[in-house]
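Following: one structure in structure tokens, then a few remarks.
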Amino acid sequence: MSRRKFYLTTAIDYPNSRPHIGTAFEKIGADVQARYRRQQGYDVFFLMGNDENTIKVVQRAEELGLDPKLYVDDMARQFKEVWDSIDISYDDFIQTSEERHRIGCQQFIQRVYDAGDIYKKNYEALYCEGCEEFKTESQLSAEGRCPNHPNQELKLVQEENYFFRLSKYADRLMALYEERPQFIQPETRRNEIVSLVRSGLEDVSISRRDFTWGIDVPWDPEHKIYVWFDALLNYITGVGYGTDEESFRRWWPADVHFIGKDITRFHCALWPAMLMSAGVELPRSVFAHGFVYRKDEATGEVQKIAKSLGNVIEPMDIVREFSSDAFRYYFMRECPFGGDGEFSFQRFAASYNADLANNLGNLFSRTVSMVLRYFDGQLTGSRDVEPVEVFAGVDVAEVVGRIAAHIEACRYNQALELIWREVLDAGNRYIEQQRPWLLANEKKPEYDLDACRRVLTNLAEAVRVAAILIRPFMPRAAETIYAGFNFPTPLAKADFDQVVHRPPLEEDLRVTARLTPEGKVEPLFPKIAPK
RNA sequence: GGGCCCGUAGCUCAGCGGUUAGAGCAGGGGACUCAUAAUCCCUUGGUCGGGGGUUCGAAUCCUCCCGGGCCUACCA
């Protein structure tokens with residue numbers, strides 16, 4: 001009995017500068033999906049990597065006086081360090097300068113060549129080294145420069161190159177979009193691609209002459225494979241295409257490629273056409289996320305994140321000051337994954353204090369504190385309590401179903417909102433209704449310790465449910481919260497179904513949370529002081 | 001030029017043909033004290049960008065206009 005598999009990828013990044021929060025946005029969104037699928041029992045393979053066969057790498061390495069391979073290896077190390085710091089749970093990290101990639105790549109392009117979809121052609125055009133793309137006259141700025149790289153001279157390139165017959169696949173691509181509307185998400189990106197392909201596709205150049213860095217075209221080593229053609233292939237070489245057939249058969253096709261909206265056409269037109277030509281199955285879907293912009297605190301101005309604008313924020317800066325979970329939460333809650341979002345420290349602090357410190361963190365603190373204070377940490381008899389009161393009036397199965405559906409559709413912000421409104425708010429509201437501090441006070445008429453134990457058992461249940469549901473988003477906080485009590489199932493084995501079908505307690509609940517020397521609960525998310 | 005998306009309370013967003021348009025945050029008032037001065041209750045606030053149309057009924061569908069963003073445009 002093999003379990004369902006789930007193979008997902010992120011775009012591979014150019015290693016010519018360190019990743020910023022916008023790059024991290026994509027990885028976090030993918031990671032939430034990966035963690036969610038693992039939690040629900042899928043066998044998951046989560047691939048990330050760096051895109052290294054580019055001229056920029058060589059240039060940058062030369063500036064630093066380094067061998068290109070040494071340079072890209074060091075950058076890969078730095079990237080992984082950043083991804084590790086925000087708990088991106090990738091299973092493998094491919095570098096396109098690796099041998100396994102070269103082998104698979106050459107095998108693939110040979111297949112396409114043998115299929116008759118590659119031909120040689122002479123051409124001359126302006127080339128932008130910044131974009132690593134040819135530019136047509138109409139794409140140029142008034143000064144005759146590339147609009148994206150106005151400080152660089154365009155190079156007039158004249159050479160004989162290999163071309164891929166992309167135009168041949170236009171009809172089959174249209175049929176693909178028609179038959180599988182889910183192939184491109186979200187909808188707006190799909191519309192763009194349909195419109196693009198309908199307007200006609202040109203054959204594309206897929207090789208470069210006179211490059212010293214990159215992968216040789218197997219039948220003509222004077223040419224290197226063009227970076228875009230080779231980059232896309234990481235998705236198959238990363239799971240063994242050409243080097244490990246068993247692994248490849250196991251994981252391919254990818255269930256989803258997570259990419260930025262700027263590279264949709266490469267993934268939704270070129271990539272499937274390449275696969276069709278080589279006779280390889282197509283990925284199931286491509287999800288193009290939006291961009292994160294930087295909102296200037298003082299002026300309110302929203303700008304792109306760019307080194308030249310001096311507004312780059314490194315993920316590790318935020319992680320160091322706050323936490324990985326806080327970082328992940330902000331982007332998943334405040335920025336719709338399929339659309340654009342913005343970052344400002346003000347918004348970050350507001351969201352953090354309200355949602356993480358006050359709602360989530362404090363619910364945990366007050367729950368554990370009361371059990372400690374009133375019952376010395378032991379909820380005697382809780383084994384026999386069915387804690388259904390805290391979610392009275394809530395159709396738990398229905399809510400969990402909606403949360404799961406949101407996550408599966410990458411509507412992460414809506415999933416989180418639901419968890420907050422239906423679970424955490426319910427918990428905090430329940431406390432106010434029940435007033436356990438009165439039930440525990442022998443001087444009050446409400447004094448009733450059994451009732452108090454029952455209320456706190458209900459609150460422990462709310463905490464348990466919250467931990468399971470937030471786990472894909474905030475794995476560390478989930479772990480800490482879940483460790484607050486001796487819940488029966490290890491968190492690693494607690495899927496969403498355990499929210500609906502609570503595993504029976506084998507022993508009475510007791511507090512197992514880590515405490516301060518004074519015997520108090522450690523704040524999960526210490527409040528951020530307003531600046 | 002062609003195409004796509006968006007414009008809903010101060011802010012961030014949900015609602016996408018059907019009762020008096022919602023949430024969170026922010027603002028105002030109150031309650032409580034277990035808790036990270038947290039929480040809970042009540043509340044202020046919107047002619048749903050504008051005009052026209054379809055409909056018994058429109059943020060919700062059509063059309064035009066305004067504003068914002070994006071994709072694309074006669075040899076890669």
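In what follows, chains carry the letters A, B, and so on, assigned in the order in which the sequence lines appear, proteins first and then strands, with residues in each chain numbered from 1.
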Exercise for the section: May I ask you to verify if any side-chain N or O of K520(A) is less than 4.0 angstrom from the OP1 or OP2 atom of U36(B)? Expected result: yes

Exercise for the section: Give a yes/no answer on whether the side chain of N161(A) brings an N or O atom under 4.0 Å of OP1 or OP2 in A76(B). Expected result: no

Practice task
Output yes when at least one side-chain N/O atom of K121(A) is less than 4.0 Å from OP1 or OP2 of A76(B), else no.
Solution key: no

Handout entry: Sorted by number, the residues of residues 365-376 of chain A with heavy-atom contact under 4.0 Å to RNA chain B
Key = S365(A), R366(A), S369(A), M370(A), R373(A), Y374(A)

Exercise for the section: Could you measure between the two C1' atoms, the one in U12(B) and the one in U20(B), and give it in whole Å? Expected result: 26 Å

Handout entry: A59(B) glycosidic torsion: syn (within 90° of 0) vs anti
Key = syn

Practice task
Determine, for R189(A) against E192(A), whether the closest basic-nitrogen to carboxylate-oxygen distance falls under 4.0 angstrom.
Solution key: yes

Exercise for the section: With sequence neighbours left out, write down each residue that passes ring-ring contact (aromatic ring centres under 6.0 Å, His included) with F487(A), or none if nothing qualifies. Expected result: Y482(A), F485(A)

Problem - Who pairs with U19(B) - Watson-Crick or G-U, where each distance is under 3.5 Å - result: none

Practice task
Provide the Watson-Crick or G-U wobble partner of G27(B), both distances under 3.5 Å; none if there is no partner.
Solution key: U43(B)

Problem - Separation of atom CG in L424(A) from atom P in A38(B), rounded to whole Å - result: 17 Å

Practice task
Determine the interatomic distance between P on A23(B) and the same-named atom on A9(B); round to the nearest Å.
Solution key: 14 Å

Handout entry: Partners passing ring-ring contact (aromatic ring centres under 6.0 Å, His included) against Y36(A) (at least two apart in sequence or in another chain)
Key = F496(A)

Exercise for the section: List for me each residue that meets side chain to side chain contact (heavy atoms under 4.5 Å, CB included) alongside S199(A), sequence neighbours excluded, and say none if there are none. Expected result: none

Practice task
Considering only atom C1', compute the distance from U63(B) to G18(B) and round it to an integer number of Å.
Solution key: 23 Å

Practice task
Flag the pair E389(A) and R454(A) as a salt bridge only when some basic side-chain nitrogen lies within less than 4.0 angstrom of an acidic carboxylate oxygen.
Solution key: yes

Practice task
Both distances under 3.5 Å, Watson-Crick or G-U wobble: report the partner of C32(B), or none.
Solution key: none

Practice task
Quote, to the nearest angstrom, the C1' distance that separates A14(B) from C70(B).
Solution key: 23 Å

Practice task
Would you please name every residue forming a side chain to side chain contact (heavy atoms under 4.5 Å, CB included) with T212(A), sequence neighbours left out?
Solution key: none

Problem - Under 4.0 Å protein heavy-atom contact, by nucleotide of nucleotides 25-31 of chain B - B base, S sugar-phosphate only - result: S------

Practice task
For E222(A), check side chain to side chain contact (heavy atoms under 4.5 Å, CB included) against everything at least two apart and list the hits.
Solution key: R209(A), D220(A)

Handout entry: Aromatic centroids of F164(A) and W228(A) separated by under 6.0 Å
Key = no

Fill in the blank from the handout: Per-nucleotide protein contact along nucleotides 2-15 of chain B, 5' to 3', at a 4.0 Å heavy-atom cut-off (B base, S sugar-phosphate only, - neither), is -SSS------S-S-

Problem - Whole-Å distance separating the CG atom of N362(A) from the C1' atom of C40(B) - result: 12 Å

Kindly list each side-chain donor-acceptor pair under 3.5 angstrom involving residues 436-449 of chain A, sequence neighbours excluded, with atom names and distances?
residue : atom : partner : partner atom : Å
N441(A) : OD1  : K443(A) : N            : 2.9
D448(A) : OD1  : D450(A) : N            : 3.2
D448(A) : OD1  : A451(A) : N            : 3.1

Practice task
Both distances under 3.5 Å, Watson-Crick or G-U wobble: report the partner of A76(B), or none.
Solution key: none

Problem - Between U54(B) and U60(B) - P atom distance, rounded Å - result: 15 Å

Exercise for the section: Check ring-ring contact (aromatic ring centres under 6.0 Å, His included) between F327(A) and all other residues, then give those that pass, not counting sequence neighbours. Expected result: F331(A)

Problem - Whole angstrom value for the distance that separates P of C70(B) from CD1 of I259(A) - result: 17 Å

Problem - G49(B) and U8(B), which share atom name C1', separated by this distance in whole Å - result: 10 Å

Practice task
Could you pull out all residues at least two apart from F391(A) that satisfy side chain to side chain contact (heavy atoms under 4.5 Å, CB included)?
Solution key: V394(A), V396(A), V423(A), A426(A), E461(A), A462(A), V465(A)

Exercise for the section: Rounded to whole angstrom, note down the C1' distance from U43(B) over to G24(B). Expected result: 16 Å

Problem - Distance, P atom - from C6(B) to C16(B), rounded to whole angstrom - result: 13 Å

Handout entry: Residue matched to G7(B) through Watson-Crick or wobble contacts both under 3.5 angstrom
Key = C66(B)

Handout entry: Qualifying residues under ring-ring contact (aromatic ring centres under 6.0 Å, His included), relative to F337(A), sequence neighbours excluded
Key = F25(A), F258(A), F287(A), H289(A), Y412(A)

Practice task
Identify whether the distance between the nearest side-chain nitrogen and carboxylate oxygen of R265(A) and E202(A) falls below 4.0 Å.
Solution key: no

